[in-house]
Amino acid sequence: MGRVEALEQLGSRRFDLLVVGGGIVGAGIAEAASAHGLSVALVDKGDFGSATSSASSKLIHGGLRYLRLGDVGLVREAHHERRILMTVVAPHLVRRLPFLFPLYDDGPFRPWVVQTGIVLYSTIARARLNGPIAVERARRMVPQLRADGLRKCSLYADAWTNDGRLTLANVAAAAGAGAVVVNYAEVVALRGREGADVQADGQTISVRADRIVNAAGPWVDRVRRLEDPAARRSVRLSKGVHVLVDGGADWDAALTIPHDKVRVTFAVPWEGMLLLGTTDTLHDGEPETAAVTSDDVEQVLAEASAAVEDIGPVRATFSGLRVLPGGDGETANARRETVFSTGPCGMVSVAGGKLTTYRRIALDALDHLGVRGLSPRPRPLPGATGLEHIVWPEELDRATRNHLLHLYGSRAVDVLAPAADDPSLLEPLVAGRPDVRAQELYARTHEWALTDEDVLRRRTTAWLAASAARV
């Protein structure tokens, strides 16, 4: 369905559900609702996944530090979802990754505390990869691991993903099940229990919907105030900054770096670079004002240097905003729970949660909306099946094939199909990255990309080429 038709249907149909916000939670809700037979409209004031859902730490994990906070239930649920994502929902997008937990003389933990925690964590995860390993083996796995003061290392397993593509895969699944999905479409007014007014492409469209769910992430309270101008702030925002540097290509594991008895940061080999972060600082302003500062970058590099030697030059930075329950105290100590609220006209607002548990959050949101007969059974996302039957063009090298397999799964066949008539589509999209020109064509014709940034940053990894070229 093209954009013109989608906008026409947005204003001419009546929907069972209008989902406001196309991040991972909104996309997951739209996918689950469509799969259960509801007629769904999904809108986002920007691009799908253009905020925090493409600016995370790229991890699908149980959350080792949440054990320290006493959130055993959250860790158990997250590990359950991690296994499902890796094996059924998106095995092409979610892949296993070993993690090292180094312990230094000046660190906050005693070795037995860490080892006990990792054994418990791995037991919950049903993973056999856990336990102490020799320092020499650890340094072979992570050549840049700081040796000075290193006492012990423990190993455990989690997973990594391309968060923007995971979000987009859920949007695609919803659309494939009949949902009308429109990006760059902002809800500007709510009309009681009748629906909402949406601005898109210079026009205001009245969308009729029986139910509305507010999954606007950091903008959740702004949408709440469209329903109730007197609505008070219900959440806090925490800024998380990440830094990309040279390195990581020869790493066989990621690092979990402890800084106190609760907070950790990560060094993750990702897309041929090293992803460092993240910060966890209170953001008091409007979501649009969140930005990476020089102090943020210095903090990330300083914290990484606690375990990483010879950190390369900074190539790129990005930030996202966590949505946390309202309250006091340090944001790093706040529980990563999901909060649901219902407004005076029945709109259900969803705030908080984890990328890893988005499926569970989606089902809970539908339950709060009064949808019955929900099945928790996992469904493969588009591209998740038939991975072993792909026939690749001979011109593509192994690195490009693996890259396309990760981003699209079996849909890589559809991405590359036009290249049979136009071999130039197999040429690199940008120098220095494995993305090909066929991906841009597919992004604009099948994945709702309207701008160059939509293509380069969220449908492909081409933006990293510009980052790598910086001096």
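All values derive from a computational prediction rather than experimental measurement. Each residue takes its place number in the sequence, starting with 1.
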Between [atom1] of [X] and [atom2] of [Y], what distance do you get to the nearest 0.5 Å?
X	Y	atom1	atom2	value
I390	R411	CD1	CZ	11.5 Å
L168	S53	CG	OG	11.5 Å
I29	S34	CD1	OG	11.5 Å
L100	L103	CG	CG	10.5 Å
Y66	D71	OH	CG	8.5 Å
L59	L355	CG	CG	9.0 Å

Is a side-chain donor or acceptor of [X] paired with a backbone partner of [Y] at a separation under 3.5 angstrom?
X	Y	result
S305	A302	yes
T356	H61	yes
R401	L396	yes
H36	S375	yes
S154	F101	no
N402	A399	no
R146	A306	yes
T161	L93	yes
N162	R165	yes
T167	G23	no

Margin query: Would L244 and V314 count as a side-chain contact (heavy atoms from CB on, under 4.5 Å) here? Give the steps.
Written below: CA-CA 6 Å; L244 279 163; V314 173; over 6 Å; no
So [Y] and [X], do their side chains get closer than 4.5 Å, heavy atoms only?
X	Y	value
V171	N183	no
L429	V436	no
H406	E271	yes
L441	L425	yes
V213	V20	no
Y442	E447	yes
V268	L255	no
V292	F318	no

Would you please say whether a donor-acceptor pair under 3.5 Å links the side chains of [X] and [Y]?
X	Y	answer
H283	S238	no
N170	Y358	yes
R433	T461	yes

Next item on the list: Take D435 and H403 through the test side-chain hydrogen bond (donor to acceptor under 3.5 Å, both in side chains) and record every step on the way to the result.
Entry: CA-CA 8 Å; D435 302 284; H403 181 71; 2.7 Å; yes
Check [X] against [Y] and note the closest heavy-atom contact, atom names and distance.
X	Y	answer
D163	S56	OD2-OG, 2.7 Å
D44	G22	OD2-N, 2.6 Å
L374	D367	CD1-N, 3.8 Å
P325	R236	O-NE, 3.6 Å
S424	R437	OG-NH1, 2.9 Å
T385	S410	O-OG, 2.7 Å

Notebook entry, point to check: Does R458 make a cation-pi contact with F48 (under 6.0 Å, within 45 degrees of the axis)?
Noted result: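 Because its charged atom misses either the 6.0 Å distance or the 45° angle limit, R458 does not stack over F48.
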Note to self: Both conditions, 6.0 Å and 45 degrees, for the charged tip of K58 above the ring of W160: are they met here?
What the structure shows: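 Cation-pi check for K58 and W160: fails.
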Salt-bridge contact [X]-[Y] (side-chain N to carboxylate O under 4.0 Å):
X	Y	value
D47	R459	yes
R76	E81	no
R444	E440	yes

Note to self: Set out, in order, the CA-CA distance, both residues' side-chain angles and the distance that settles salt bridge (charged side-chain N to carboxylate O under 4.0 Å, His left out) for R224 and D221, then state yes or no.
What the structure shows: CA-CA 5 Å; R224 287 178 63 240; D221 283 339; 2.8 Å; yes
Next item on the list: Could you go through the side-chain contact (heavy atoms from CB on, under 4.5 Å) check for V19 and V43 one step at a time?
Entry: CA-CA 6 Å; V19 182; V43 297; over 6 Å; no
Next item on the list: Quick one: which residue pairs count as a salt bridge (charged side-chain N to carboxylate O under 4.0 Å, His left out) with a foot in residues 282-298, not counting sequence neighbours?
Entry: R222-E286, R222-E288, K239-D296
Checklist line | Ring centers of Y121, H79 separated by less than 6.0 Å | finding: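 For Y121 and H79, the ring centres are under 6.0 Å apart.
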Next item on the list: Show the numbers, then the answer: is there a side-chain contact (heavy atoms from CB on, under 4.5 Å) between F266 and F99?
Entry: CA-CA 9 Å; F266 299 101; F99 278 75; 3.9 Å; yes
Note to self: Is there a salt bridge (charged side-chain N to carboxylate O under 4.0 Å, His left out) between R360 and D364? Walk through the geometry before answering.
What the structure shows: CA-CA 6 Å; R360 185 70 259 169; D364 288 345; 3.4 Å; yes
Margin query: Is it the case that over 12 heavy atoms from other parts of the model lie below 6.0 angstrom from the CZ atom of R233?
Written below: no
Next item on the list: Using a cut-off of 6.0 Å, state whether more than 12 heavy atoms not belonging to E388 lie near its atom CD.
Entry: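 For E388, atom CD is crowded (more than 12 foreign heavy atoms under 6.0 Å).
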Item checked: Name of the residue among V455, L450, T451 meeting side chain to side chain contact (heavy atoms under 4.5 Å, CB included) with E453 ->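 When V455, L450, T451 are each tested with E453, the side chain to side chain contact (heavy atoms under 4.5 Å, CB included) holds only for T451.
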Next item on the list: Under the side-chain contact (heavy atoms from CB on, under 4.5 Å) rule, what do R263 and E303 come out as? Steps first, then yes or no, please.
Entry: CA-CA 11 Å; R263 185 167 172 271; E303 291 179 341; 2.8 Å; yes
